[in-house]
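Sequence lines set the chain letters: A, B, ... in the order given, protein chains first and strands last, and positions in each chain run from 1. Hydrogens, waters and symmetry mates are skipped; everything else that's a heavy atom, side chains included, is used.
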There are 2 protein chains.
Amino acid sequence: MENSYKNILEKFKKLLKKNELKFTKQREEILEAIYNSKSHISSEELYHSLQNPKIGIATVYRTLSLLESENFVTTFINSGVKQYELTKEHHDHIICNKCGKIEEFLNPEIEMLQEKIASSFGFKITDHSLQMFGICKECQKDNL
Amino acid sequence: MENSYKNILEKFKKLLKKNELKFTKQREEILEAIYNSKSHISSEELYHSLQNPKIGIATVYRTLSLLESENFVTTFINSGVKQYELTKEHHDHIICNKCGKIEEFLNPEIEMLQEKIASSFGFKITDHSLQMFGICKECQKDNL
DNA sequence: GTTCTCTTTGAAAATAGATGTCAATTTAAA
DNA sequence: TTTAAATTGACATCTATTTTCAAAGAGAAC
Ligand SMILES: [Mn+2]
Ligand SMILES: [Mn+2]
Ligand SMILES: [Zn+2]
Ligand SMILES: [Zn+2]
């Protein structure tokens with residue numbers, strides 16, 4: 001199943017049907033906006049990127065919450081602001097404190113070590129959140 | 001240097017001197033409250049734990065910010081709420097979604113892998129944040 | 001296509017956590 | 001003690017998000 005917008009839209013419609021929710025132009029446009037962002041986007045940014053300026057911020061939050069609860073989008077928090085992206089394979093983030101650039105990575109060793117640690121405490125892990133903060137290559141040059 | 005309150009208080013007084021700040025009963029009481037909490041505490045919880053009810057929430061925030069900027073306390077964010085603790089060796093947290101219990105751990109392998117990942121991206125890491133979420137041993141029993 | 005009911009929406013108010021403002025109070029150096 | 005500068009508490013403000021509710025819209029049943 002490729003990730004064309006058409007496929008995403010179909011999945012979204014199925015999700016709505018499953019939850020006995022209605023397909024509205026607002027919901028579609030919000031989905032489209034998150035698809036088009038092609039990266040990490042906050043609710044506020046998403047709101048401002050909408051073509052139809054009549055769509056309310058509350059509808060944006062409502063739709064994003066729905067998508068998140070259905071695991072259609074995945075989030076993480078950067079300086080107190082939730083960042084959304086279409087759900088794909090699990091990964092973590094490394095963030096530049098200067099320019100805001102975000103790189104993604106997945107390290108199976110870290111993932112395994114986490115499981116090991118959790119079970120050593122008797123915890124059943126449902127989730128984790130790992131972010132690294134620093135200065136990216138470009139911003140290191142810029143500095144002096 | 002042991003971690004008795006007396007020692008903590010002396011360190012705090014030195015910190016104030018160094019920054020040309022004044023020693024006030026409010027600042028002392030907030031320090032005492034965080035010391036007494038003996039674990040992770042939010043600003044709101046700390047505020048309500050104060051003996052002197054006249055101390056304002058703004059003073060709590062101001063004092064905590066000062067302590068944090070001086071690396072006297074360390075924080076992490078749990079469900080959007082900053083948690084404070086007296087600074088000790090670096091560690092990460094594993095949090096129970098049911099009862100809120102927080103366990104601490106330090107895994108040198110994970111720490112090293114993070115450095116490795118960062119440098120593979122050309123990043124200079126200043127900080128990281130790792131939390132695992134799940135259900136603790138006790139809460140697993142409680143469930144059925 | 002029309003009807004009709006239930007859902008969804010946008011605007012505005014409310015909330016939570018945190019920060020800014022400022023006149024009154026307090027600290028501590030002189 | 002005097003005094004200038006720092007600190008405080010009350011309150012306003014801010015940001016991100018959620019709630020409220022009357023009006024508009026979706027879509028199943030006709
Ligand atoms: Mn990502
Ligand atoms: Mn801790
Ligand atoms: Zn950068
Ligand atoms: Zn628990």
note: B/Phe76, atom CZ; C/dG17, atom P; distance rounded to Å ~ 15 Å
Phosphate OP1/OP2 of C/dT9: any A/Arg27 side-chain N/O under 4.0 Å: yes
It should be established whether A/Gln26 places a side-chain nitrogen or oxygen under 4.0 Å from OP1 or OP2 of nucleotide C/dG10. yes
Look at the side chain of A/Val81 and decide which nucleotide, out of D/dT7, D/dG9, D/dA16, has an atom nearest to it. D/dA16
Which whole-number value in Å describes the distance from B/Leu46 CG to C/dA18 P? 12 Å
Any side-chain N or O of B/Thr24 under 4.0 Å from OP1/OP2 of C/dT26? no
Heavy-atom donor-acceptor pair, B/Glu28 side chain to B/Phe23 backbone, under 3.5 Å: no
Between OH of B/Tyr47 and C1' of C/dT19 the distance, given in whole Å, is 15 Å
Respond yes when some side-chain nitrogen or oxygen of B/Tyr61 is under 4.0 Å from OP1 or OP2 of C/dT19, and no when none is. no
Quick note, A/Lys82 side chain, CB onward, closest among C/dA12, C/dA28, D/dT17 is D/dT17
Side chain proximity check, A/Leu66 to A/Leu15, heavy atoms < 4.5 angstrom: yes
Parallel, tilted or perpendicular: rings of A/Phe76 and A/His93 (30°, 60°): parallel
Whole-Å distance, A/Asn19 CG to D/dG27 P, equals 14 Å
Provide, to the nearest angstrom, the distance between the CG atom belonging to A/Asn52 and the P atom belonging to C/dT9. 12 Å
Under 4.0 Å, heavy atoms only, any strand: does A/Arg62 hit a base, just the sugar-phosphate, or nothing? base
Does B/Ser43 put a side-chain nitrogen or oxygen below 4.0 Å from OP1 or OP2 of C/dA18? yes
Output the rounded distance in Å from CD1 (B/Ile30) to P (D/dT7). 13 Å
Between B/Phe23 and B/Ser42, just flag the one whose closest nucleotide in DNA chain C comes earlier from the 5' side. B/Ser42
Please tell me which of the listed nucleotides, D/dA5, D/dG25, C/dT8, lies nearest to the side chain of B/Lys22? D/dA5
Spacing between A/Ile55 atom CD1 and C/dT9 atom P, to the nearest angstrom: 9 Å
Looking at every strand, decide which applies to A/Leu21 at a 4.0 Å heavy-atom threshold: base, sugar-phosphate, or nothing. sugar-phosphate
What is the distance from CG of B/Leu66 to C1' of D/dT8, rounded to the nearest Å? 14 Å
Given 3.5 Å as the limit, does a donor-acceptor pair link the side chain of B/Glu29 with the main chain of B/Gln51, or not? yes
Can a side chain N or O of A/Lys25 be found less than 4.0 Å away from OP1 or OP2 on D/dA26? yes
What does A/Lys17 touch in the nucleic acid at a heavy-atom separation under 4.0 angstrom: a base, only the sugar-phosphate, or nothing? nothing
Any salt bridge linking A/Lys137 with A/Glu103? Criterion: basic side-chain nitrogen under 4.0 Å from a carboxylate oxygen. no
Within the side chain of A/Thr126, is there an N or O that forms a donor-acceptor pair under 3.5 Å with the backbone of B/Phe133? yes
